[in-house]
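I have placed the structure first, in the form of structure tokens, so that the comments after it can refer back to it.
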Amino acid sequence: MTTQPLATEQPLLSVRNLKIRIQLDNGIMNAVDGVDFDIRKGKTLGLVGESGCGKSLTSRSLLHLNPKECETSGSIVYRPSDGKGAKEMDMDILSLEPNGKAIRSIRGRRISMIFQEPMTAFSPMYTIGNQIVEAIRIHRTKDKKEAKNIALEMLSKVGISDEEKRYDQYPHEFSGGMRQRAMISMALSCNPELLIADEPTTALDVTIQAQVLELMRALQQEFGMSILLVTHDLGIIAQMCDEVAVMYLGKIVEQAPVKELFRNPKHPYTKGLMRSMPRLGGGKDKRLESIEGSVPMAIDMPPMCGFYERCKDRIEGVCNASAVPMTSISEDHTVRCFLYSESEGGESP
Ligand SMILES: Nc1ncnc2c1ncn2[C@@H]1O[C@H](COP(=O)(O)OP(=O)(O)OP(=O)(O)O)[C@@H](O)[C@H]1O
């Protein structure tokens, strides 16, 4: 099969109507409630929202990694290529056996993940080098010497100097920033097509954070991978992403190319997030606002806007009366808000 020209190229991955329900003692939680998005080849999609909105569950679903208690439905179509540009068979990740051969050949090899806390990726019992080599030998080459050379090259690529010495050290001998770099080198050592980065820099101080983000960008350019970047930080989104999906209470409430979203935010929640974001040159008199109230629990929610209680622009009898559909503002900008829904007499997009 041949690849299609860029303009009409299909996304690397398409998530459709993703739902994750969790049975709790006090009811069923709709933790992720009908999420749709595409991740394009070589591009970065940001998934942003407050703690608990369902970002991590969504991103872990891409590797079929959610815990047993999560009842997951919808489709996650992955369109792999063989690394030389030829297309392979599309597959729906959610239809694969959760720990079967097919998903194990994708995890770490074709889709890799890095987390906020690198200690979850590394075992304290083995050296960093051993663990990276192990990943390479599972997915890329059985040859021990070649695997070690790739591991050393990757450690040096992520800016770990004295890599021969570092190779033989244990995770606890690395600083937090270095462990994060080592985890990135392990995640990228098998040339994945997609890197899922879940709050990759939240635990790091600001200088190291900037270095790690810069590193991810440089490696993306070198290897041409796609990135799903999960964060609660709009500053990171602005710096890193091509497109952004804003998530609130299990749903995507706004989605657009990053420049468009910052220039022309529509959803009251997105606007609130922006007002709570520090700006360079924002002036010391300009106070940052926080969004009042807290995110409700997604248990037994009636069909209505989940942001209703916190929204300054809410329309009683409309926003709390039925589920909110997605409205197109333009070809690539959508918003889930009755203020823009023509059928409800909102302002025209
Ligand atoms: N295994 C589980 N059992 C019960 N509830 C869960 C489980 N996993 C996640 N949740 C709940 O589902 C909701 C979404 O969780 P998720 O971790 O995806 O949120 P998040 O947006 O990534 O937040 P954070 O940034 O704090 O991780 C939260 O309310 C969380 O408490």
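Read the numbers this way: they start at 1 and go in the same order the structure lists the ligands and their atoms.
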Those residues that, when tested against E222, pass salt bridge (Lys or Arg N to Asp or Glu O under 4.0 Å) (two or more places apart) = K157

Can you name the nearest heavy-atom pair linking I128 to R166, along with the distance?
-> CB-O, 4.3 Å

Which protein residues have a heavy atom closer than 4.0 Å to any atom of ligand 1, listed by chain and number?
-> I22, L24, M29, A31, E50, S51, G52, C53, G54, K55, S56, L57, P67, E69

Are N66 and I20 side-chain neighbours, meaning at least one heavy-atom pair lies under 4.5 Å?
-> yes

Q131 side chain vs S123 backbone, donor-acceptor pair below 3.5 Å | yes

Classify the side-chain pair Y78/E193 by whether it contains a donor and acceptor separated by less than 3.5 Å.
-> yes

Do T44 and Q220 meet the criterion of a side-chain donor-acceptor pair at a distance under 3.5 Å?
-> yes

